[in-house]
K.L.:
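Let me give you the structure first, and then I'll get to my questions.
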Number of protein chains: 2
Amino acid sequence: MVKIVDVAREAGTSVATVSRALNDNDRVDPRLAARVRAAAEKLGYRPNHLARSLRRQRSNLWLLIISDIEVAFFTSVARGVEDVAVANGYSVVLCNADEDETKESKYIQLAAAEHAAGVIISPHSTQTQIDRLAADSIPVVVIDRSLAAPVDWVMVDSRGGALAATEHLIRQGWQRPACVTGPRSAETAMLRRLGYEDALRAAGIRTRRVTHRSFHLDGGRAGAASLLDRDRPPDSFFVANAALALGVLQELHARGLRPGRDVGLICFDDAPWAPFIDPPISVVAQPAYRIGTQAATLLVDRIGGTAEGPPRRVVLGTDLILRESSVHP
Amino acid sequence: MVKIVDVAREAGTSVATVSRALNDNDRVDPRLAARVRAAAEKLGYRPNHLARSLRRQRSNLWLLIISDIEVAFFTSVARGVEDVAVANGYSVVLCNADEDETKESKYIQLAAAEHAAGVIISPHSTQTQIDRLAADSIPVVVIDRSLAAPVDWVMVDSRGGALAATEHLIRQGWQRPACVTGPRSAETAMLRRLGYEDALRAAGIRTRRVTHRSFHLDGGRAGAASLLDRDRPPDSFFVANAALALGVLQELHARGLRPGRDVGLICFDDAPWAPFIDPPISVVAQPAYRIGTQAATLLVDRIGGTAEGPPRRVVLGTDLILRESSVHP
DNA sequence: GTGAAAGCGCTAACAC
DNA sequence: GTGTTAGCGCTTTCAC
């Protein structure tokens with residue numbers, strides 16, 4: 001292993017100068033700097049990140065703590081985060097909290113122990129504790145959901161998207177839209193429900209048909225079943241994410257109900273397979289990749305100290321993509 | 001920040017003993033150890049991973065370098081890896097090489113620079129260079145594809161799965177099966193093609209209808225188009241992964257060909273949406289999560305030094321899941 | 001603009 | 001079984 005003293009010897013200078021030259025410190029003679037770079041090149045010098053981080057009391061690692069890695073939305077977010085991180089010389093540790101508070105808090109501890117340069121998190125709940133990070137002055141950017149603490153965040157206009165989707169169902173002619181959404185603890189689940197209710201209110205529909213379930217296929221199936229078993233069952237569904245929608249689809253299929261003919265269906269989250277379902281599914285598309293890049297950019301600014309002061313909040317808009325599942329015959 | 005000396009003072013002992021007690025070294029008096037742990041607890045001591053790693057010349061980070069994070073298969077693998085890693089006190093840095101050799105080699109460099117404890121990689125090609133890791137004696141486990149170098153690996157029986165899938169098509173009564181597979185540089189693409197050809201040979205079918213494309217939706221679409229434009233077009237398709245299958249589906253749809261009626265279709269990789277496509281897609285399912293846990297287990301053994309000696313190879317079997325797309329009317 | 005030297009927090013070799 | 005201490009490789013004062 002070739003280290004900084006070896007480069008110094010080769011370049012005929014001191015370790016201090018090598019360090020400065022290689023870290024683009026300007027207080028070094030351009031010609032000497034060139035000699036240093038040549039020496040480093042020649043010897044194949046690779047800085048030891050561990051030593052640097054120990055000295056600086058900060059690593060070049062980000063922790064990206066997401067609530068469910070198997071949700072395609074988060075995968076795209078991760079991509080966006082990673083692209084920006086790598087471009088800025090950081091590496092991303094992807095942590096899957098699995099909607100589990102214990103796991104989540106372990107990862108927050110880990111961020112502190114590893115002296116992470118920053119953290120991007122989609123918190124389990126608005127009560128998620130990030131004091132440990134604040135205490136070590138590790139910058140945090142929150143995505144997808146908000147947080148009680150005063151931090152930067154990037155969200156999608158869930159309520160607006162849900163409103164647009166439900167309005168669309170009503171305008172199509174569906175009379176009794178229902179809402180299958182996520183757990184009450186998830187802010188997005190609540191916001192999407194609220195958007196749904198906004199639309200009903202605007203249309204003068206009194207009956208709210210709502211069910212809260214876990215954000216999974218099984219939840220969707222059970223939710224649809226419970227709704228359909230009611231006295232005056234819904235004739236259409238606004239579903240709060242793609243996994244839930246798969247479950248709703250399954251239940252509809254089991255009952256011989258075809259979307260776009262017998263019932264209306266639209267869901268939050270576009271997915272690569274949505275156009276191929278029978279029938280193709282109408283969706284509210286979220287700019288997942290951009291959420292990732294935006295969050296990462298905010299984090300870079302905070303770490304660099306470019307951004308001081310109060311939290312910044314970014315809200316990205318959604319797109320309504322209409323396919324056949326929401327058509328009223 | 002409370003450090004090891006603080007704990008030593010509190011417990012009335014030396015830093016060496018604290019280090020030993022906290023790292024479960026047995027050469028320490030149980031009662032003293034208890035006192036140390038109590039002191040650490042009381043002061044809220046958190047070991048500094050950076051310092052530890054610098055001293056040990058090895059961090060507790062794994063790099064998981066996958067070829068495409070948006071492929072659901074790799075997401076499940078990642079989950080498996082992470083679960084085992086965390087259970088063993090490691091953290092996983094997820095790196096998305098994006099089927100790009102340059103990115104891949106940067107991540108391999110990174111593993112060295114960060115003194116990663118180990119690396120799990122789905123290499124871009126069999127020629128991927130991992131010397132840099134061997135040089136730093138960082139253990140490597142290869143997944144999904146093989147590698148020229150002598151390392152541990154975990155794979156799925158691609159050839160066998162492809163054979164079973166194609167045999168199934170033929171047994172259904174399809175006469176002219178085609179194969180839409182990935183790039184020649186991807187070993188899985190080649191193996192799946194070979195399995196397909198094994199089945200044709202066994203059935204006495206002479207004409208091979210094969211196209212190699214990138215493992216993406218667009219590749220599938222273009223591949224299906226080129227095959228269907230031939231003089232004697234295929235009447236059925238064995239497709240080498242789920243993304244490709246979506247593209248094939250798109251092209252079939254555009255031409256008014258319905259799987260399970262006009263053509264036969266089966267693909268590698270199960271996906272949560274496969275049962276909901278019109279018609280539901282028959283697939284060769286891979287045990288993705290288990291591939292992850294297996295690879296991680298091999299890595300843990302290598303790091304711990306439990307496993308010395310020659311490379312170990314794990315080949316996991318596939319499951320044929322039959323739905324409607326492969327039915328011959 | 002450059003160099004000498006301290007020290008980040010920890011582990012492990014060595015001495016007892 | 002326990003303590004003393006060197007040193008992992010780097011950055012960053014401080015002195016010149």
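Bear in mind the structure is a predicted one, so any value in this text is a computation, not a measurement.
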K.L.:
Give B:Thr17 one of three labels, base, sugar-phosphate or nothing, depending on what nucleic acid heavy atoms sit under 4.0 Å from its own.
P.N.:
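Here B:Thr17 touches the backbone only, sparing every base.
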
K.L.:
What is the distance, rounded to the nearest whole Å, between atom CZ of B:Arg56 and atom P of C:dT11?
P.N.:
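In whole Å, C:dT11 P lies 6 Å from B:Arg56 CZ.
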
K.L.:
For DNA chain D, determine which residues of residues 1-16 of chain A have any heavy atom closer than 4.0 angstrom to one of its atoms, and list them numerically.
P.N.:
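By residue number: A:Met1, A:Lys3, A:Ile4, A:Ala16.
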
K.L.:
In whole angstrom, what separates B:Asn23's CG from C:dC10's C1'?
P.N.:
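B:Asn23 atom CG is separated from C:dC10 atom C1' by 10 Å.
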
K.L.:
Does A:Ser76 have any side chain to side chain contact (heavy atoms under 4.5 Å, CB included) partners at least two apart in sequence or in another chain, and if so, which?
P.N.:
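With neighbours one apart ignored, the set is A:Ala288, B:Glu70.
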
K.L.:
Do B:Ser137 side-chain atoms and B:Ala134 backbone N/O form a donor-acceptor pair below 3.5 Å?
P.N.:
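Checking the backbone N and O of B:Ala134 against the side chain of B:Ser137, no donor-acceptor pair under 3.5 Å is found.
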
K.L.:
Show which side-chain atoms of residues 30-46 of chain A pair as donor or acceptor with protein atoms under 3.5 Å away, not counting sequence neighbours.
P.N.:
from, atom 1, to, atom 2, distance (Å)
A:Arg35, NE, A:Ala11, O, 3.2
A:Arg35, NH2, A:Ala11, O, 3.0
A:Lys42, NZ, A:Glu10, OE2, 2.7

K.L.:
Go through it in stages, so that I can follow the logic: the residues are A:Glu82 and A:Leu94, the test is side-chain contact (heavy atoms from CB on, under 4.5 Å), and I'd like the CA-CA distance, side-chain angles, deciding distance and then a yes or no.
P.N.:
CA-CA 9 Å; A:Glu82 211 215 353; A:Leu94 186 72; over 6 Å; no

K.L.:
Look at B:Arg145 together with B:Glu99 and state whether they make a salt bridge at an N to O cut-off of under 4.0 Å.
P.N.:
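B:Glu99 and B:Arg145: salt-bridged.
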
K.L.:
Residues from residues 27-35 of chain A sitting under 4.0 Å of DNA chain C, heavy atoms only?
P.N.:
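Nucleic-acid contacts, sorted: A:Arg27, A:Val28, A:Asp29, A:Leu32.
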
K.L.:
Atom CG of B:Leu22 to atom P of C:dT11: distance rounded to whole Å?
P.N.:
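After rounding, the reported distance stands at 8 Å.
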
K.L.:
Could you tell me whether the side chain of B:Glu104 and the main chain of B:His124 form a donor-acceptor pair under 3.5 Å?
P.N.:
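Such a contact is found between B:Glu104 side chain and B:His124 backbone.
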
K.L.:
Quick one: A:Arg55 CZ to C:dA5 C1', roughly how many Å, whole number?
P.N.:
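Atom-to-atom, A:Arg55 to C:dA5, this comes out as 11 Å.
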
K.L.:
Between A:Glu187 and A:Ser146 (side chain of the first, backbone of the second, donor and acceptor by atom type, cut-off under 3.5 Å), is there such a pair?
P.N.:
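At least one qualifying donor-acceptor pair exists.
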
K.L.:
With B:Tyr90, which residues qualify under ring pair (Phe, Tyr, Trp, His ring centres under 6.0 Å), at least two apart?
P.N.:
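With sequence neighbours excluded, B:Tyr90 shows a ring pair (Phe, Tyr, Trp, His ring centres under 6.0 Å) to B:Trp62, given in chain and number order.
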
K.L.:
Would you say the side-chain atoms of B:Ser122 pair up with the backbone N or O of B:Ser67, donor to acceptor, closer than 3.5 Å?
P.N.:
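Checking the backbone N and O of B:Ser67 against the side chain of B:Ser122, a donor-acceptor pair under 3.5 Å is found.
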
K.L.:
To the nearest 10°, give me the bend of the helix from C:dG1-D:dC16 to C:dC16-D:dG1, comparing the axes of its five terminal pairs at either end.
P.N.:
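Terminal axis comparison yields 30°.
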
K.L.:
I'd like to know if B:Arg9 pairs up with B:Asp6 as an ion pair, taking the criterion as any Lys NZ or Arg NE/NH1/NH2 lying under 4.0 Å from an Asp or Glu carboxylate oxygen.
P.N.:
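Looking at B:Asp6 together with B:Arg9, the answer is yes, because their closest N to O distance falls below 4.0 Å.
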
K.L.:
What parts of residues 108-119 of chain A reach DNA chain C, counting only heavy atoms under 4.0 Å away?
P.N.:
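Result for residues 108-119 of chain A: none.
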
K.L.:
Would you mind telling me which of B:Arg313, B:Gln294, B:Arg312 makes a side-chain hydrogen bond (donor to acceptor under 3.5 Å, both in side chains) with B:Asp152?
P.N.:
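One option only clears the test, and that one is B:Arg312.
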
K.L.:
Any side-chain heavy atom of A:Ile130 sitting closer than 4.5 Å to one from A:Leu147?
P.N.:
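The answer is yes, as the side chains (C-beta and beyond) meet within the 4.5 Å cut-off.
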
K.L.:
Could you work out, with side chain to side chain contact (heavy atoms under 4.5 Å, CB included) as the rule, every residue matching B:Ser53, not counting sequence neighbours?
P.N.:
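So B:Ser53 forms a side chain to side chain contact (heavy atoms under 4.5 Å, CB included) with A:Leu50, B:Ser59.
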
K.L.:
Tell me the salt bridge (Lys or Arg N to Asp or Glu O under 4.0 Å) pairs involving residues 114-133 of chain B, sequence neighbours left out?
P.N.:
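Residue pairs with at least one partner in residues 114-133 of chain B: B:Arg132-B:Asp136.
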
K.L.:
Indicate yes or no for a side-chain donor-acceptor contact from B:Thr17 to the backbone of B:Thr13 under 3.5 Å, with no hydrogens or angles considered.
P.N.:
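No: the side chain of B:Thr17 does not pair with the backbone of B:Thr13.
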
K.L.:
Any side-chain N or O of B:Asn48 less than 4.0 Å from the OP1 or OP2 oxygen of C:dC8?
P.N.:
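For C:dC8, neither OP1 nor OP2 has a side-chain N or O of B:Asn48 closer than 4.0 Å.
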
K.L.:
Under 4.0 Å from a heavy atom of chain A: give me the 5'-most and 3'-most nucleotides of DNA chain D that qualify.
P.N.:
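For DNA chain D, the relevant span reads D:dG9 to D:dT13.
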
K.L.:
Please name the residue in the list A:Leu64, A:Val81, A:Val151, A:Ile120 that meets the side-chain contact (heavy atoms from CB on, under 4.5 Å) test with A:Val141.
P.N.:
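It is A:Ile120; the other options fail the test.
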
K.L.:
Apply side-chain hydrogen bond (donor to acceptor under 3.5 Å, both in side chains) to A:Gln127 and list each qualifying residue two or more places apart in sequence or on a separate chain.
P.N.:
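Here no residue qualifies.
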
K.L.:
Quiz question: by atom type and distance under 3.5 Å, do the side chains of A:Asp83 and A:Tyr289 form a donor-acceptor pair?
P.N.:
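Their side chains do contain a donor-acceptor pair, which is all the 3.5 Å distance test asks for.
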
K.L.:
For nucleotides 14-16 of chain C, tabulate all protein N/O to nucleotide N/O atom pairs closer than 3.5 Å, reporting atom names and distance.
P.N.:
none

